[in-house]
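In the text below, chain A, chain B and the rest are named by the order of the sequence lines, each starting its count at 1.
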Amino acid sequence: MLFNSFIFLTLLILTFIVYYIPAFSRVQILILLVSSLIFYAYDQPELVFLLLGSALLNTLSSYYITKTDGIKQKIIVTTGVIVNLLLLGFFKYNSLLQSAISSVKSIDSAVLNIPLPIGISFFTFEGITLLVDVYRGDIVERNKIVPKSFLDHCTRTLFFISFFPHLVAGPILKAHDFLPQIKTKYSQLINWQLVFQNLLIGYFLKMVVADNLKDFTFFIDYPYFLAFSTANLLFMLVGYSCQIFADFAGYSLIAMGLANLFGYSFHANFNFPYISTSFKEFWKRWHISLSSFLMEYLYFPLGGNRKGELRTYLNILITMFLGGLWHGAAWSYAVWGSFHGVALVIERFFTNRVKLQETTLLSVLKGIFVFTVITIAWLLFKLPDFNHVLIYIQSIYMNTGASINLVQILAILLYSTPVILYHLIYLFKIQNRLAIFNEYKYVYYALMIFFILLNSGTPGSFIYFQF
Amino acid sequence: MYSNADSCKNILIGTSLSDKLTIPGFCNLAFSGLSFMNGLKLLCQSEHIPQNAFIEINGLLRQEDVAFTEQILNPFLYNLKKWVPTLQDGKQPIGIATVKLAEFIRGFKKKKARDSLAVKPVDNLIFTRLLNDRIKEYAKTPPHDELVKDIDKLKSVITLLESKGVKISFYEMPINEALSKSPQSVAIRNAFFSAFPKRTYHYVPQPDCSNYQTNDGIHLTNDALLAYRQYFIDHHSRVIQ
């Protein structure tokens, strides 16, 4: 169910109305649960049971962690994490498994045709945060995450995992952030300005920027790109950079706005990533919920930067490799993650040894360099077949004599402009030059509404739905 | 789809193989990445029916993207776009601005825009390997059931269009010569000749594929596309006479 579909709008309005009826204040969580399960079941009704099963597994494990201690706790949390990862591995990476054992003819092909449950990458990770947070008990007290009643805990856990704004494409919530927020909510406390801002900017980025850009970056796919000029190929790459940001950041903002509507808040998932002047900074600004999950639940347990320089580099590479692989069952994603891992390692190596004086010019050059490398890396993301990536790069080099499709370039530029402006406004803001923008804030809102109504692209799935 | 001003007497319906084919007097309803069934379904629902529809036979095995068709034909969106033209693709504010800007920029260009893409054929190990993969793919004859199912779907749509007065013809895009003679291409061709006999339906014959260069075995280079375009125009002119 897309956030910009009529069926979703209907579900949202009905849920909102019923949710805030005073007589139903005690069953608010159940109302959201029912809506969330309808939301999930709309596309894959048979896989709702997987969602319920995942919630039950994590509920049982986390509950019994609080009832035991010592080695038993460790066994429960380890088993719980492994089962979550096995579930993810089984449903998500079965195609890799299939290609590995395809020569074994006795294997029933029906076993190997496993559907990919939407959102599995997100809700299994959230289950892991629940188990680890309860086990550690150091960030938030256990009793704030796990109530005494098993039924309460079951309801709260299912709600945490299935709450529809973040269910299918994140952000990845952490148990210690979300569960303490669960209580009765009141309509008078809704921050309407925040809701309006998040939803408006989110829908604008998704419907106007991403949904239009996709019609032009479609041709990055093989074999369509073969016939395009060097200039068009380069602009399509830049366009794809803007598209993936607009798509994902737009979705995250919509998710935040929807959550705000029901009294819950999510942390920002994107913090103007394309102004980054280093790869380290990029990963603090891009898909923050994933990068912070990987840092907290993988990089730090591996040792982080506490075990010497070489071990730090290894930990970074492992984290980024697995982070890349999380995105999909294709080696190109692992290569993409590793690419970023190598960039982080090289950057760390040099910044530890070379100290340059920070000037505006240097920051600009670094920013352009980082953006260029990240944009080229998106090619690994967009083209799962590595051969096609090589041919694309080869085509950039070879197609210099080809005639330029000016309309496509201009369209990409125009639709990418909001993303560029979005980042520039933030840069001006942090340089305390925002006054002029604040003065005309409502003009920008009106323009966004105008373009949403008159210039939305044909709806496409959110790119991160596939993960 | 939405108004008489945009309707055409002749329509091409195909896939990415023919989506860049521009023929005078023809509209092109071939969609890159989609099936000819997408174009046909849109045509069935359109209020403005052409006289002639030419269907590309190469794309028989490509399955329809049902979500795409449903989106375009969603009653609410369809009527909204019909009565508010600025919501139609190509008539949206940024779409119009893009075209106008391109015309403005081209106005400054002194050099006449080249008609053809000077794309050098990609002639290296990687490309050859990929072409060989495609040859292996085309070496497999599609399952008979699959062919029958796809032809039956096509038949029902063609019957509907013919009941509305559309004359149906077929054309086959030239592809790599080896692929053109492959079991898959032959099976598709035979399936069409069997279901839609030549004595009843007109076919634009596939030209000699050895005269046409492709980027990847099936998609023509721009020079080749221009050559095919001329071939199609010449053939069509002879048939009309």
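- Distance check: B:S16 OG to A:F218 CZ gives 7.5 Å after rounding to the nearest 0.5 Å.
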**Request:** Report the C-alpha distance between A:V407 and B:R106 in whole Å, list the side-chain angles of each, state the deciding distance to 0.1 Å, and finish with yes or no for side chain to side chain contact (heavy atoms under 4.5 Å, CB included).
**Result:** CA-CA 10 Å; A:V407 170; B:R106 282 193 199 115; 3.8 Å; yes
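- A:N212 touches chain B through its side chain: at least one heavy atom from C-beta onward sits under 4.5 Å away, while N, CA, C and O do not.
- Within the 4.5 angstrom heavy-atom criterion, no atom of A:I409 approaches chain B.
- Side chains of A:L410 and B:K100 form no contact here, defined as non-hydrogen atoms less than 4.5 Å apart.
- Note: B:T98 leads B:V84, B:T98, B:D19 in heavy-atom pairs under 4.5 Å with chain A.
- Between B:H219 and A:L226, the closest side-chain pair of non-hydrogen atoms is not below 4.5 Å.
- For the pair B:G95 and A:Y415, the tightest heavy-atom approach, listed with the atom from each and the gap, is N-OH, 4.1 Å.
- Residue-environment remark: CZ (A:F386) stays at or below the threshold of 12 foreign heavy atoms within 6.0 Å.
- Under the side chain to side chain donor-acceptor pair (under 3.5 Å) criterion, B:S210 pairs with B:D208, not counting sequence neighbours.
- Separation of atoms OG1 (B:T86) and CG (A:N455) is listed at 7.5 Å; rounding is to 0.5 Å.
- With sequence neighbours excluded, the residues that form a salt bridge (Lys or Arg N to Asp or Glu O under 4.0 Å) with B:E177 are B:K181.
- For A:L454, the parts lying under 4.5 angstrom from a heavy atom of chain B are both the backbone and the side chain.
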